[in-house]
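Written below as structure tokens is the structure these notes are about.
In what follows, chains are A, B, ... by sequence order, proteins preceding strands, each numbered from 1.
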Amino acid sequence: QQQVKQSPQSLIVQKGGISIINCAYENTAFDYFPWYQQFPGKGPALLIAIRPDVSEKKEGRFTISFNKSAKQFSLHIMDSQPGDSATYFCAASNNNDMRFGAGTRLTVKP
Amino acid sequence: NAGVTQTPKFRVLKTGQSMTLLCAQDMNHEYMYWYRQDPGMGLRLIHYSVGEGTTAKGEVPDGYNVSRLKKQNFLLGLESAAPSQTSVYFCASSYRVGAYEQYFGPGTRLTVT
């Protein structure tokens, strides 16, 4: 059973557009929701994370929106740039467990 | 600081051969993890360790063994490689599990023929 479901699998956006990636989780005990960014040939790296006590967190062009009642959270990339082209993973964790989504390959066309 | 390093970067094995992947971290992290990454499957946890001398099974532990003899090192072993173990393997470390960043190594691409 996949505990964190991520969509879409792939996404193509024009430069300057908004990229949106969605995730849903099952386990209500999860209390930390990070997003990782992975460039080809590299390991994932933490991009931004949120706790469930807030509904939104913004860092530069990257925003996480969190809906606790729906058990869903999403990553919004504003003014998407070709340098944002990468694979993005959502994750959910608590003190005992951490699960990743299947990943979204984002391509930003110039 | 080198962060998390992995050796080797690439390896080709024949079915039935064995090998060990080495992970090292210089951040004094207690927790270390081994993941495999397959297309459309995301990152799946193989084994993890909460401290020197301790290991535990993750989601997909079958066919793998691990050891954590030193705090800074976490070894992943394949005793008898199978084509289904063709994957990219990532090691990661963190201060704790939960609301703590996991730092990933650059990965090892393993092909089993």
Side-chain angles (χ1 to χ4, degrees), chain A residues 1-11 21-27 29-54 57 59 64 66 73 75 86-105, chain B residues 1-10 21 23-25 27 29-51 54 56-61 74 76 87-109:
Chain A
Q1 181 186 7
Q2 193 174 13
Q3 294 206 23
V4 180
K5 294 182 180 177
Q6 182 172 347
S7 62
Q9 267 194 323
S10 63
L11 180 62
I21 305 170
N22 300 301
C23 283
Y25 63 97
E26 299 283 333
N27 187 350
F30 288 139
D31 59 7
Y32 177 67
F33 302 90
W35 285 88
Y36 282 79
Q37 180 187 53
Q38 183 183 29
F39 292 106
K42 305 289 186 184
L46 181 66
L47 180 65
I48 186 173
I50 196 168
R51 289 271 209 183
D53 51 346
V54 296
K57 182 174 181 180
E59 289 184 2
I64 300 178
F66 187 82
F73 57 111
L75 176 68
T87 299
Y88 293 81
F89 293 96
C90 62
S93 72
N94 57 27
N95 286 337
N96 298 307
D97 195 10
M98 182 165 186
R99 300 294 175 123
F100 286 87
T104 296
R105 178 173 289 186
Chain B
N1 285 351
V4 179
T5 58
Q6 293 181 233
T7 50
K9 286 188 168 52
F10 302 94
L21 282 66
C23 175
Q25 54 97 0
M27 296 172 281
H29 285 162
E30 290 293 336
Y31 285 65
M32 295 187 75
Y33 315 82
W34 276 107
Y35 293 92
R36 60 179 288 173
Q37 183 177 23
D38 302 292
M41 303 291 286
L43 291 156
R44 292 184 293 167
L45 184 64
I46 304 171
H47 286 280
Y48 65 99
S49 168
V50 302
T54 72
K57 294 180 180 179
E59 286 180 79
V60 288
F74 195 27
L76 177 72
S87 187
V88 181
Y89 292 86
F90 287 99
C91 175
S93 72
S94 67
Y95 177 64
R96 290 278 189 271
V97 78
Y100 294 94
E101 179 177 356
Q102 290 194 12
Y103 293 82
F104 285 81
T108 295
R109 183 173 293 275

Take Tyr103(B) and His29(B), measure what ring pair (Phe, Tyr, Trp, His ring centres under 6.0 Å) needs, and give me the verdict at the end. CA-CA 10 Å; Tyr103(B) 293 82; His29(B) 285 162; 5.5 Å; yes
Go through it in stages, so that I can follow the logic: the residues are Tyr100(B) and Tyr31(B), the test is ring pair (Phe, Tyr, Trp, His ring centres under 6.0 Å), and I'd like the CA-CA distance, side-chain angles, deciding distance and then a yes or no. CA-CA 10 Å; Tyr100(B) 294 94; Tyr31(B) 285 65; 8.6 Å; no
Which one of Ser93(A), Pro44(A), Gly103(A) has the most heavy-atom pairs closer than 4.5 Å to chain B? Pro44(A)
Most heavy-atom pairs under 4.5 angstrom with chain B, which of Gln38(A), Gln9(A), Arg105(A)? Gln38(A)
Given heavy-atom pairs under 4.5 angstrom as the criterion, report whether the side chain, backbone, both or neither of [X] touches chain A.
X: Gln6(B); result: neither
X: Tyr35(B); result: side chain
X: Leu45(B); result: neither

Are Asn27(A) and Asn94(A) close enough that some pair of their side-chain heavy atoms sits under 4.5 Å apart? yes
Determine, step by step, whether Asp38(B) and Ser87(B) satisfy the side chain to side chain donor-acceptor pair (under 3.5 Å) criterion, reporting the C-alpha distance in whole Å, the side-chain angles of both residues, the deciding distance to 0.1 Å, and the verdict. CA-CA 6 Å; Asp38(B) 302 292; Ser87(B) 187; 2.8 Å; yes
Could you look at Tyr36(A) and say if it's the side chain, the backbone, both or neither that has a heavy atom under 4.5 Å from chain B? side chain
So does Pro8(A) get a backbone contact from the side chain of Thr104(A), meaning a donor-acceptor N/O pair under 3.5 Å?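 Pair found, side chain donor or acceptor close to backbone of Pro8(A).
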